[in-house]
There are 2 protein chains.
Amino acid sequence: MTKRVTIADVAREAGVSMMTVSRAINDKGEISPATQQRILAIAKEMDYRPSGLARGLATQRTATVGLVVPDIANPFFSQIARGVEDIAYAHGYNVFLLNSVEDVDRERAALDSLWEKQVDGLLLCSSRLDQKTLVERLQQFRYVVLVNRLLQTAVDGVCTINVDDTAGARQAVDYLLNAGHETIAFLAGPRQSLSSQQRLSGYQQSLQAYGRPLRQELILHCEPDTEGGYNAALSLLTAHPDVTAVYAFNDLIATGTLKACQELGRRVPQDLAIIGSDDIPLASLVTPSLTTLRITKRHLGTTAMQTLLHLIQQSEPPPAADQTLHPQLILRNSTLPHPH
Amino acid sequence: MTKRVTIADVAREAGVSMMTVSRAINDKGEISPATQQRILAIAKEMDYRPSGLARGLATQRTATVGLVVPDIANPFFSQIARGVEDIAYAHGYNVFLLNSVEDVDRERAALDSLWEKQVDGLLLCSSRLDQKTLVERLQQFRYVVLVNRLLQTAVDGVCTINVDDTAGARQAVDYLLNAGHETIAFLAGPRQSLSSQQRLSGYQQSLQAYGRPLRQELILHCEPDTEGGYNAALSLLTAHPDVTAVYAFNDLIATGTLKACQELGRRVPQDLAIIGSDDIPLASLVTPSLTTLRITKRHLGTTAMQTLLHLIQQSEPPPAADQTLHPQLILRNSTLPHPH
DNA sequence: GTGAAAGCGCTAACAT
DNA sequence: ATGTTAGCGCTTTCAC
């Protein structure tokens, strides 16, 4: 490993004070262009690279942010992470990545650890902390962007970004109703999930807006995976053969529904239309390909990081402190073309 | 944001010197248990948390490592990242995540940035830098683990972890030969990929070991996605209907092959056996589910981080400085049960 | 067992 | 436009 060249080394070599070198490097203007050029040349020659630690200690800024996600191996979060890092990179920031693994203790430890590292800001995704603990912890940080988590009361220096699941669900069900479907079921995923509750609400709103009855027996909760969807769809379609369309909590459940249809001899989309959610890569690979609600996860990440940067650099929240992203309906072959 | 409590504050409060507080906190033993207890209690009471920056500056250790991947949104790397972070967390380290996005300039910038942040070690995945630049850059870091990249000549402080693609391919083709297949094709993926070349070599070795001829017309390169696999399989099976088994470069190509079979009316696995590679989540979801070579990406990550920790903490390479992980053959429904 | 002084590498604030 | 001083918060070294 190369020995570290310090600012003192460069100063000595250039025959100036450390301060002059510092000014040359940080390009604040308050230095004569001539000496700046000379010093930069010498610094480059000596392969001088400033120490982030020393600089951070002196300025109390680290050009570093923390990103806490439940699980980076989950594509939903890894795509967000990609968006975050892209923006961070473009602005000279580095990202600490921490997994909370759905464990409140580890999430708390992650936040402690980021505090010790003195990050300039925090991006916290899908926090599982209860409201009180969450607010308490967030106040430790100067700037925070909360992704996919609502905050009951505003906290200073905290912005939020969420997905409008209600509107997404309404969009999906509206589409099905417009296409002439009378009996639309909802495979609702985990009962305790906030997203599930919001989508249920959208489903209900849509039916109501079209003056259709809400039939509780057409709402089935299930595990958010292929098998859960398969089982739920099997019992649903057996008990209620009049169902002509299914809106699923996610694409895996939708895929399970597809399997159930194969087994029951129901053709998709002719006998049963299916809409999923998330637009995971699998959605376009199954046969028939799935109509689904796309959430642009990468965009979620870039937006979150941009918001955080705004907070950090302007010391105040951006115009839209609490943003809501809207899912987009991607039409594929698991629904029939719109009749109009 | 809470004002930072420093070690001086705690010292004043406890009526001792800063040094004593430091000793209490770092638990080096050289302090009377009584005062240590007292100080720790006071520190906790005051919610004192040491500054990572100050400590790092003083000790020249940051308890921080850098992880550079081509793209964290790629499941292959996000799973590695998960493994890395798990081990890092368990040992009190934090991880800087950087994407090189297949761009050598950005990869170089990532390494520069990590050097400025003074990471204790570096995990570099699938580096695209040429040998010379790579070695030059790596020497800047005290400790490095190179993942999925071979190093022509050993470099001090650098360990490597790779996947034995050759052995994996041999395993797959051996299995097919044992199952009685005579005519086995290889859908080889991108020609320039190292993995592809190694798997080709395994394919050849296996045929040779069983005394089978190598037929060049049964080796088709294609894009490593579903469509590439579909097209390649279509032309392969049309031109050579005698093929009874396909070994595919990855699971997406295998999935494309599956589609081609549906179209051509060839039953899988009865008319054609298929083996994929990687065991992506999709592999178990398609019908029939894919027999595939599983690479335990998460394990790759944990092993890499453990190796790096060993380097950092013992200041010397572990017994196995250059490791090779072996893919595991996961038997599913796209191949017939083994005849024995 | 505990403390005082010096320094890690840099920059803010004040000179000049 | 450039230099000086002091200090960011901690640990190392060497006294006591």
Side-chain angles (χ1 to χ4, degrees), chain A residues 1-40 42-43 46-64 92 113 115-120 142, chain B residues 1-40 42-43 46-64 92 113 115-120 142:
Chain A
M1 181 167 116
T2 332
K3 171 106 190 63
R4 186 167 275 280
V5 178
T6 74
I7 205 170
D9 298 331
V10 179
R12 197 178 321 113
E13 188 74 17
V16 295
S17 76
M18 283 168 45
M19 208 42 227
T20 306
V21 177
S22 174
R23 288 195 179 95
I25 291 180
N26 293 307
D27 196 27
K28 298 283 188 194
E30 43 202 0
I31 185 178
S32 87
T35 46
Q36 172 160 25
Q37 288 314 313
R38 198 170 59 83
I39 291 174
L40 286 181
I42 294 176
M46 299 176 74
D47 196 30
Y48 166 73
R49 241 78 71 62
S51 156
L53 291 180
R55 183 178 273 175
L57 189 57
T59 60
Q60 299 294 27
R61 291 211 156 203
T62 52
T64 277
S113 161
W115 158 259
E116 292 189 3
K117 286 292 193 300
Q118 286 172 251
V119 294
D120 292 340
R142 200 191 285 277
Chain B
M1 180 168 117
T2 332
K3 170 104 190 65
R4 187 167 275 281
V5 177
T6 75
I7 205 170
D9 298 330
V10 179
R12 198 178 321 111
E13 188 74 17
V16 295
S17 75
M18 283 167 44
M19 212 35 237
T20 305
V21 177
S22 174
R23 288 195 178 95
I25 292 183
N26 293 308
D27 197 27
K28 298 282 188 192
E30 42 201 4
I31 186 179
S32 87
T35 46
Q36 171 159 27
Q37 288 314 312
R38 198 169 60 82
I39 291 173
L40 285 181
I42 294 176
M46 299 176 75
D47 196 29
Y48 166 73
R49 241 78 72 63
S51 155
L53 292 180
R55 183 177 273 176
L57 189 57
T59 61
Q60 299 294 24
R61 291 212 156 201
T62 52
T64 276
S113 162
W115 158 258
E116 293 189 4
K117 286 292 192 301
Q118 285 172 251
V119 294
D120 292 340
R142 200 191 285 279

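The figures that follow rest on heavy atoms only: side chains count, while hydrogens, waters and symmetry mates do not. Here is how names work: the chains are called A, B, and so on, in the same order as the sequence lines, proteins then strands, and each is numbered from 1.
Phosphate contact (OP1/OP2 of C:dA4, side-chain N/O of B:Ser17, threshold under 4.0 Å): absent. An OP1 or OP2 oxygen of D:dT2 is reached within less than 4.0 angstrom by a side-chain nitrogen or oxygen of A:Thr35.
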- Note on the structure: Per-nucleotide protein contact along nucleotides 5-16 of chain C, 5' to 3', at a 4.0 Å heavy-atom cut-off (B base, S sugar-phosphate only, - neither), is ---BBBBBBB--
- Would A:Val16 and A:Ile39 satisfy side chain to side chain contact (heavy atoms under 4.5 Å, CB included), going step by step from the backbone distance to the final call? CA-CA 9 Å; A:Val16 295; A:Ile39 291 174; 4.0 Å; yes
- Please test A:Asp9 against A:Met46 for side chain to side chain contact (heavy atoms under 4.5 Å, CB included), starting from the C-alpha separation and ending with a verdict. CA-CA 9 Å; A:Asp9 298 331; A:Met46 299 176 74; 3.9 Å; yes
- Message: Show, in sequence, the C-alpha distance, side-chain angles and deciding distance for A:Glu116 and A:Ser113, and conclude whether the side chain to side chain contact (heavy atoms under 4.5 Å, CB included) test is met.
- Response: CA-CA 5 Å; A:Glu116 292 189 3; A:Ser113 161; 5.8 Å; no
- Would you sort out whether B:Leu53 and B:Leu57 count as a side chain to side chain contact (heavy atoms under 4.5 Å, CB included), showing the intermediate values? CA-CA 6 Å; B:Leu53 292 180; B:Leu57 189 57; over 6 Å; no
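The shortest heavy-atom contact between A:Tyr48 and A:Ile7 is CE1-N, 3.5 Å. Of all heavy-atom pairs spanning B:Thr20 and B:Ile31, the tightest one is O-CD1, 3.7 Å. The two atoms that bring A:Thr62 and A:Gln118 nearest to each other are OG1-O, 2.8 Å, heavy atoms only.
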- Message: Just to be sure I follow the notation: if a pair is Watson-Crick (purine N1 to pyrimidine N3 plus N6-O4 or O6-N4) or a G-U wobble (N1-O2 and O6-N3), each under 3.5 Å, what dot-bracket string does DNA chain C give, with | for pairs to another strand?
- Response: ||||||||||||||||
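Checked by atom type and distance alone, the side chain of A:Thr59 pairs as donor or acceptor with a backbone atom of A:Arg55 at under 3.5 Å.
Taking atom CG on B:Asp9 and atom C1' on D:dC10, their separation rounds to 13 Å, with Å as the unit.
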